[in-house]
Amino acid sequence: MATKNDTSAMVFYVCNSEEESKSAFTSLKANLPEDVKPDEVDSSYYSKCTAENDESYYSIIRMGSTVLASAVELSEKDNVLSVVKALGY
């Protein structure tokens, strides 16, 4: 887990299986605030859900048996995008 302050976090999960990562992805997605409309990509190996509102940016990405999840202030969105790109997600 990486945090910048109490309102920004990035978490990397390594799950025991793809099924477990799919379940984690679904649970994380269900916890998004109701006021956001997520953009989604979904395939058997890769799933991505991103959303934002006036204050925050959310990113949940599943690749194989891993999940990378972020909830940051909107001003930190570019930092998340940079990390996601650097990690190849």
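These numbers come from the heavy atoms of this one structure, side chains and all, not from hydrogens, waters or symmetry mates.
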*Start with the C-alpha distance between F25 and C49, add both sets of side-chain angles, then the distance that settles side-chain contact (heavy atoms from CB on, under 4.5 Å), and finish with yes or no.*
CA-CA 9 Å; F25 178 85; C49 175; 3.8 Å; yes

*For E52, which residues count as a salt bridge (Lys or Arg N to Asp or Glu O under 4.0 Å) partner, sequence neighbours excluded?*
K77

*asked:* Quick check on side chain to side chain contact (heavy atoms under 4.5 Å, CB included): which of L87, V80, L81 does V84 satisfy it with?
replied: V80

*Report yes or no: does E20 contribute a side-chain atom to a donor-acceptor pair with the main-chain N or O of N16 at less than 3.5 Å?*
yes

*asked:* Any non-hydrogen side-chain atom of S65 less than 4.5 Å from a side-chain atom of Y13?
replied: no

*Scan residues 80-89 for pairs that pass side-chain hydrogen bond (donor to acceptor under 3.5 Å, both in side chains), counting only residues two or more places apart or in two chains.*
T66-Y89

_Heavy-atom side-chain proximity of I61 to Y46 below 4.5 angstrom_ = yes

*Test side-chain contact (heavy atoms from CB on, under 4.5 Å) applied to T50 - qualifying residues, sequence neighbours left out*: D39, K48, Y57, S59

*asked:* Run the salt bridge (Lys or Arg N to Asp or Glu O under 4.0 Å) test against K22 and tell me which residues pass, sequence neighbours left out.
replied: E19

*Y45 versus E18: any side-chain heavy-atom pair under 4.5 Å?*
yes

*4.5 Å side-chain heavy-atom contact, V67 and I60*: yes

Going by atom type alone, with no hydrogens or angles, which donor-acceptor pairs under 3.5 Å involve a side-chain atom of residues 29-38 and a protein atom two or more places apart or on another chain?
unit_1 : atom_1 : unit_2 : atom_2 : d
K29    : NZ     : E40    : OE1    : 2.7
N31    : ND2    : S27    : O      : 3.1
D35    : OD1    : N53    : ND2    : 3.4
D35    : OD2    : N53    : ND2    : 3.3

*Check whether any side-chain heavy atom of L68 lies under 4.5 Å from a side-chain heavy atom of M10, and answer yes or no.*
yes

*Name all residues meeting the side chain to side chain donor-acceptor pair (under 3.5 Å) criterion together with S21; count only those two or more places apart in sequence or in a different chain, and write none if there are none.*
none

